[in-house]
Engineer: 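Below you will find the structure I want to go over with you.
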Amino acid sequence: MRFVKGHGTGNDFVIVPDPDGDLDLTPELVRALCDRRTGVGADGVLRVVLAAAEPGLPGTAGVGRAGEARWFMDYRNADGSLAEMCGNGLRVFGRYLVDAGYERPGLIPVATRAGVRGADVPSDGEVTVEMGPPSIGPLGGVTVTIAGRVFQATNVSMGNPHAVCFADDLNPAGLAGLDLTVPPVIPTDAFPAGANVEVVVGAPDTTRMRVYERGVGETSSCGTGACAVAVVSATRAGQGPGVAIPVDLPGGRLTVLWDTDQVRLRGPAVLVSDGLLRADWLAAARAAEPALA
Ligand SMILES: N[C@H](CCC[C@H](N)C(=O)O)C(=O)O
């Protein structure tokens, strides 16, 4: 089985071409692919499948935005769980579609579990993706504990759930020193399906963040997380739509454009390598015991 390895500011993915939807991408296979020692290694998997092979997706078949999305980005977290959207993944997905010759450079509608999102893919250079409108809860409205430290976080949906924690007393060194090896404690009533947790320092023009991703752990970058952080940072500063916010993450810089209709995210999208999974490895991966629930 062919795969392509790609990343966006260090948030890395195994891209699995499956246009006709023939592949049974089980949670066990996803975990095996993402294992950084015994598999390919990644934060997640992007299965590339024609939307027609995945009926019932929101925003396709003429429903939702004008025109159909030909492709579905089937994103999976490293632990095998599903997520509604993936911003870094969508940039890499769009870059792959153009590189593989499936699509020409330009604005490419892509179906996701959160609805259709556009990927504006130039022939080379940074990719800009449509992230949809943010849903921002009351500032500081939820309590999150990270390594024993309590934060009043803000609940933001970018199609997937986020808890944005501002650490106003920390400088960048203090942010780097925060222990994110332990899963943050989040309120299940506010986040029944879990949440991606971002810790942030700085004002809108100097925003730095780290992220503990649902279903993954700490990653070098999170596109939906950067968007959630940017809109909370701007809101805290009394700003609203019409701003561009640079967000620095351990893996690099993303630019969040908070427009009146939705948020857009601009950043790099790198294809690293092409590979071939051996049949014996695949068979063993499929036979792996399901992880304890
Ligand atoms: N890294 C992704 C986020 C994946 C979100 C996933 N961890 C979830 O469960 O929501 C991004 O660039 O947006």
Side-chain angles (χ1 to χ4, degrees), residues 5-15 27 30-31 33-34 36 41-47 73-96 110 112-115 117-119 126-135 144 153 155-164 180 183-184 186 188 190-200 207 209-232 245 247-257 262-270:
K5 184 73 192 293
H7 80 89
T9 54
N11 191 198
D12 61 341
F13 309 97
V14 177
I15 302 162
V30 170
R31 284 192 289 273
L33 285 169
C34 292
R36 295 191 183 283
D43 294 329
V45 172
L46 304 173
R47 186 168 68 102
M73 178 182 77
D74 179 5
Y75 171 76
R76 312 292 180 93
N77 282 321
D79 70 351
S81 61
L82 296 180
E84 302 82 354
M85 240 303 273
C86 178
N88 287 323
L90 183 55
R91 294 199 316 277
V92 173
F93 189 91
R95 173 58 63 212
Y96 170 77
V110 175
T112 76
R113 290 190 177 89
R117 299 286 190 267
E126 294 200 335
V127 175
T128 300
V129 290
E130 296 173 343
M131 299 295 285
S135 170
V144 169
N155 183 342
V156 178
S157 173
M158 290 302 305
N160 61 348
H162 295 268
V164 178
L180 275 183
I186 58 175
T188 49
F191 299 105
N196 302 284
V197 180
E198 291 84 18
V199 190
V200 199
T207 303
M209 65 172 273
R210 289 172 65 192
V211 58
Y212 187 99
E213 278 198 36
R214 177 180 64 169
V216 190
E218 181 171 13
T219 60
S220 300
S221 178
C222 178
T224 50
C227 294
V229 161
V231 297
V232 172
I245 295 169
V247 179
D248 287 322
L249 305 104
R253 173 169 287 193
L254 295 173
T255 302
V256 177
L257 309 162
Q262 65 177 317
V263 177
R264 289 176 174 80
L265 176 71
R266 187 172 65 230
V270 178

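When a ligand or atom number is given, it counts from 1 through the structure's own listing order. Start at 1 with the first residue, then count along the sequence. Values in this document were obtained by computation on a predicted structure and should not be read as measured data.
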Engineer: Among all protein heavy atoms, pick out the one at the shortest distance from atom 9 (O) of ligand 1; state its residue, atom name and that distance to 0.1 Å.
Structural biologist: R214 NE, 2.6 Å
Engineer: To the nearest 0.1 Å, how far is atom 5 (C) of ligand 1 from its closest protein heavy atom, and which atom is that?
Structural biologist: N160 ND2, 3.3 Å
Engineer: With a cut-off of 4.0 Å, which atoms of ligand 1 are near a heavy atom of T224?
Structural biologist: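 Close to T224: 3 (C), 11 (C), 12 (O), 13 (O).
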Engineer: Counting each atom of ligand 1 from 1 as listed, which ones have a heavy atom of N88 under 4.0 Å away?
Structural biologist: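 What qualifies from ligand 1 is 11 (C), 12 (O).
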Engineer: Any N or O on M85 sitting closer than 3.5 Å to an N or O of ligand 1?
Structural biologist: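 It does not: no N or O of M85 is found under 3.5 Å from an N or O of ligand 1.
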Engineer: Ligand 1 and N11, any nitrogen or oxygen pair closer than 3.5 angstrom?
Structural biologist: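 Indeed, backbone or side chain, N11 has an N or O that close.
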Engineer: Starting at CG of D248, measure out to CZ of R210 and round the result to the nearest 0.5 Å.
Structural biologist: 14.5 Å
Engineer: Determine, stepwise, if the pair D74 / R113 fulfils side-chain contact (heavy atoms from CB on, under 4.5 Å).
Structural biologist: CA-CA 8 Å; D74 179 5; R113 290 190 177 89; 2.7 Å; yes
Engineer: Check for me whether G215 has a heavy atom closer than 4.0 Å to any atom of ligand 1.
Structural biologist: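 Contact absent.
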Engineer: How close does the nearest protein non-hydrogen atom get to atom 2 (C) of ligand 1, and which residue and atom is it?
Structural biologist: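 In this structure, atom 2 (C) of ligand 1 has C86 SG, 3.3 Å as its nearest protein heavy atom.
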Engineer: Where do L254 and R91 land on the side-chain contact (heavy atoms from CB on, under 4.5 Å) test, with the steps shown first?
Structural biologist: CA-CA 11 Å; L254 295 173; R91 294 199 316 277; 3.5 Å; yes
Engineer: Quick check on contacts: which atoms of ligand 1 are under 4.0 angstrom from a heavy atom of A83?
Structural biologist: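 Checking each atom against A83, I get 6 (C), 8 (C), 9 (O), 10 (O).
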Engineer: Say whether N88 and S221, considering side chains only, have a donor N or O and an acceptor N or O under 3.5 Å apart.
Structural biologist: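 S221 and N88 do have a side-chain donor-acceptor pair below 3.5 Å.
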Engineer: Where is the nearest protein heavy atom to atom 6 (C) of ligand 1: which residue, which atom, and how far?
Structural biologist: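 Result for atom 6 (C) of ligand 1: N77 OD1, 3.1 Å.
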Engineer: Answer yes when R264 and E126 have at least one side-chain N-carboxylate O distance shorter than 4.0 Å, and no when they do not.
Structural biologist: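 Looking at E126 together with R264, the answer is no, because their closest N to O distance does not fall below 4.0 Å.
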Engineer: Give yes if a backbone or side-chain nitrogen or oxygen of G223 is under 3.5 Å from a nitrogen or oxygen of ligand 1, and no if not.
Structural biologist: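 By distance alone, the answer is yes.
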Engineer: Return the option from R113, M158, R76, E213 holding the heavy atom at the smallest distance from atom 7 (N) of ligand 1.
Structural biologist: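 When every heavy atom of R113, M158, R76, E213 is considered, E213 comes closest to atom 7 (N) of ligand 1.
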Engineer: Hey, could you give me the CD/CD distance between E213 and E218, rounded to the nearest 0.5 Å?
Structural biologist: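 Between atom CD of E213 and atom CD of E218 there are 10.0 Å.
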Engineer: Between G44 and Y75, which heavy-atom pair has the shortest distance, and what is it?
Structural biologist: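 In terms of heavy atoms, the two residues are closest at CA-CE1, 4.1 Å.
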Engineer: How close do D43 and C34 get, heavy atom to heavy atom, and via which atoms?
Structural biologist: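 Heavy-atom minimum between the residues: C-SG, 4.4 Å.
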Engineer: Of the protein's non-hydrogen atoms, which lies at the shortest distance from atom 10 (O) of ligand 1, and what is that distance?
Structural biologist: N196 ND2, 2.8 Å
Engineer: Hey, could you give me the CE/CD1 distance between M73 and I15, rounded to the nearest 0.5 Å?
Structural biologist: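 The distance works out to 11.0 Å.
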